[in-house]
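Since the structure comes first, as structure tokens, the remarks are kept for the end.
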Amino acid sequence: MHMRYLCGTAIALLAATAQPVFAADAAASDSTETKELLGNEIIVTASKREQRLIDVPASIVAVTDVDLRRRGATELRDILANTAGVNNPSAGARSLANITIRGVTTGTVSGIRQNTVQQLYDDIPLDPTANAGTTNLRLIDVERVEVLRGPQGTLFGSGSLAGALRYVTRKPDVDTASGRIEGSVSFTKDGGTNGSGQATVNIPLIPGKLALRASGYAFGDAGWVDNQRTGRKDENGSETYGGRATLHWQATETFQADLSWLYQSIFDKSNGGSNYDGPDHNQVTIGRVDTAFKGRNSIVGLNLKYDAGSFTVTSQSTYHDRKLRYISQNGYYFPLVTGILSGFQNVQEGYSSDISPNNGKIFTQELRIASSGTGPFKWTVGGFYLDADITAGQFARSPDLVPILGGDNVVDLNIKGRQIEYAGFGEATYTLGDKIDLSAGVRVSRVTLRNDVRTGGFLPVFSLDPAAYVNKTFNQRNTPVTPHFSITWRPTQDLSLYAAAARGYRVGGINVTSGVGGRRTPETYNSDSLWNYEVGVKGRLFDGRLDFALAGYYIDWKDIQVSLVNNIGQYTGNAGRAHLYGVEFEGTARLTDHFTLGAAFNFASNEIAQRTEGLGTAAGVVTVVPGDKLAASPESQANGFAEYRFDLGKAQVYA
């Protein structure tokens, strides 16, 4: 496994990682940090209203800006590495992150299916449609990250089958100008040198009324995977740059508007898989396929909020322009095909190019009304609309096949898709005697999918005619209903016990090559869903010096979306049922004003609950039976940390 060793500057020094390092942080006066050091309560917005973390009837981890900076956390994998029960069983590359919570997964890649975990940037959903990877935005100038375990379908809709990750950004300050510059240098074990730089500025344009906050960043990450076949070292490096700007207008005491823009470009120099090898367990690959990934995300959001006194009205409009490209230069596969077709008379080291784009123009609109005040009855109602145009495909060319096929068109797959979703949602909470909260909510959605597919090339249609194309149209509709229920008992303000049940779902989809070239595959696959049942306890003891949370859960997952294979190729189908159950714990102890200890763990059992026969996989046709394990679903995770800090002049030093 790889490990990073970091050091850097943040107007003083900034560092943190898996190995103990020393650093000084000049931002010790930051209000968020002051609250955290004093052990005060963390306020979260996981339920789309401000609540104390201890009062939310769900298993939630809130990682503050202070925690992120001290751990050197700059991207998604840093959050996953420090949160028990959340992991990334991906094939290797940053762009192929496969976030899972509580083991809800069936493999190392999600394919083009919708993710099981929804990511949100403030109120902006990052992956509301089926896609070809996880949007891995850098964690720059964020106030906190909220990890919500368990389905969040009532408030966040599809894609939150197993949970959600919310990145809550820092908002512009209309009163005070400020700025921050950070840089870091790190070294990767069995790899190379990494470097990064970022800057943030806050400018009040009209004091008390209008302010601009902007950030920019660049990261160069060295690889650590060696290619044993080609001899190339550290071939999975990555380059990322981007920025974010938010314009905040406090028009009146009751009305405010935020216009935000976010841009990120990422270039993964290799997005292939890897294995561990040798006595040192170094990560290596033996592939002859040179792969790369290029991604660009541009997101514009407009958030409007009106406070009417007894209720607030919030509107979130978002436009997301996503452009992804997977690029392959194959030095082995297609020359082998050439040899087979020619009776192995022309097998030689050649090349071919393979480009798989996945672009999306995604518009979302949410409007919600929520009660205000401190009365016993609290409620939220809202509506959601999504309109996404997706263009995707695969284009493979091989000059080595020209003498045999009369052309180089190996694969020519063009997909024009559209996804439209309407949803209405609402939830209500009633408090009895300031001790017991009774909550219920539901979301009803209508999802429509349409794909127009044009397929050509030798492999899909089995035709030597370069003009042979097949045109097909696929349609699918889903009407999922996702309720949730909970009861919370607070015997004191520093202790709460809860029980909850919630349903989540993931949209179905289309097998775009169904019926082409003799493929005997279903045209569509259905949505999958699960029920999550959990009980938990959260507490704060000794004036906030000890925080803890303990939860137990049971998940019933049915119609599981899985990658299958028949005699022609891959497709997605629905298979059976699974049961997942486990226990999670987090705890932080501030033993003194200078010394803190923390730990977290997850113990789980994740297994098949229903016999399913005739599943075509890469290993052949198999039958799964109750008791079989879910692929890539971990059964235990744990992490811990120790931190010591002291003052050195006006700076705070910590290890």
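Keep in mind it's a predicted model, so treat the numbers as computed, not measured.
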Using the side chain to side chain donor-acceptor pair (under 3.5 Å) criterion, which residues pair with Thr391? Sequence neighbours excluded.
none

Checking Arg477 now: which residues fulfil salt bridge (charged side-chain N to carboxylate O under 4.0 Å, His left out) with it, not counting sequence neighbours?
none

Can a donor-acceptor pair be found between the side chains of Asp452 and Thr473 at a distance below 3.5 Å?
yes

Between Phe219 and Gln198, is there a side-chain heavy-atom distance shorter than 4.5 Å?
yes

Listed partners of Asp556 passing salt bridge (charged side-chain N to carboxylate O under 4.0 Å, His left out), at least two apart:
Arg577

By side chain to side chain contact (heavy atoms under 4.5 Å, CB included) - contacts of Glu586 (at least two apart)
Val61, Arg149, Ala549, Ala600

Going by salt bridge (charged side-chain N to carboxylate O under 4.0 Å, His left out), name the residues that satisfy it together with Asp307, two or more places apart in sequence or in a different chain.
none

Donor on one side chain, acceptor on other, Thr380 and Glu427, under 3.5 Å
no

Side-chain donor-acceptor pair present, Thr429, Asp437, cut-off under 3.5 Å
no

Residues which pass side chain to side chain donor-acceptor pair (under 3.5 Å) with Ser486, listed by chain and number, not counting sequence neighbours:
none

Please identify each residue that fulfils side chain to side chain donor-acceptor pair (under 3.5 Å) with Asn574, with sequence neighbours left out.
none

Which residues pass the side chain to side chain contact (heavy atoms under 4.5 Å, CB included) test with Ala631, not counting sequence neighbours?
none

Side chain to side chain contact (heavy atoms under 4.5 Å, CB included) filter on Val300, not counting sequence neighbours, yields Leu259, Trp261

Would you be so kind as to tabulate the donor-acceptor pairs closer than 3.5 Å made by side chains of residues 441-448, with sequence neighbours excluded?
{"unit_1": "Arg443", "atom_1": "NH1", "unit_2": "Thr154", "atom_2": "O", "d": "3.2"}
{"unit_1": "Arg443", "atom_1": "NH1", "unit_2": "Leu155", "atom_2": "O", "d": "3.2"}
{"unit_1": "Arg446", "atom_1": "NH1", "unit_2": "Thr479", "atom_2": "OG1", "d": "2.5"}

State, yes or no, whether a side-chain contact exists between Tyr319 and Ile362 at a heavy-atom distance under 4.5 Å.
no

Under the rule for side chain to side chain donor-acceptor pair (under 3.5 Å), what residues qualify as partners of Ser529, not counting sequence neighbours?
Arg503

I'd like to check the side chain to side chain contact (heavy atoms under 4.5 Å, CB included) partners of Gln637; sequence neighbours left out, ordered by chain and number.
Asn87, Pro634

Here the gap from Glu523 atom CD to Asn451 atom CG, rounded to the nearest 0.5 Å, amounts to 11.5 Å

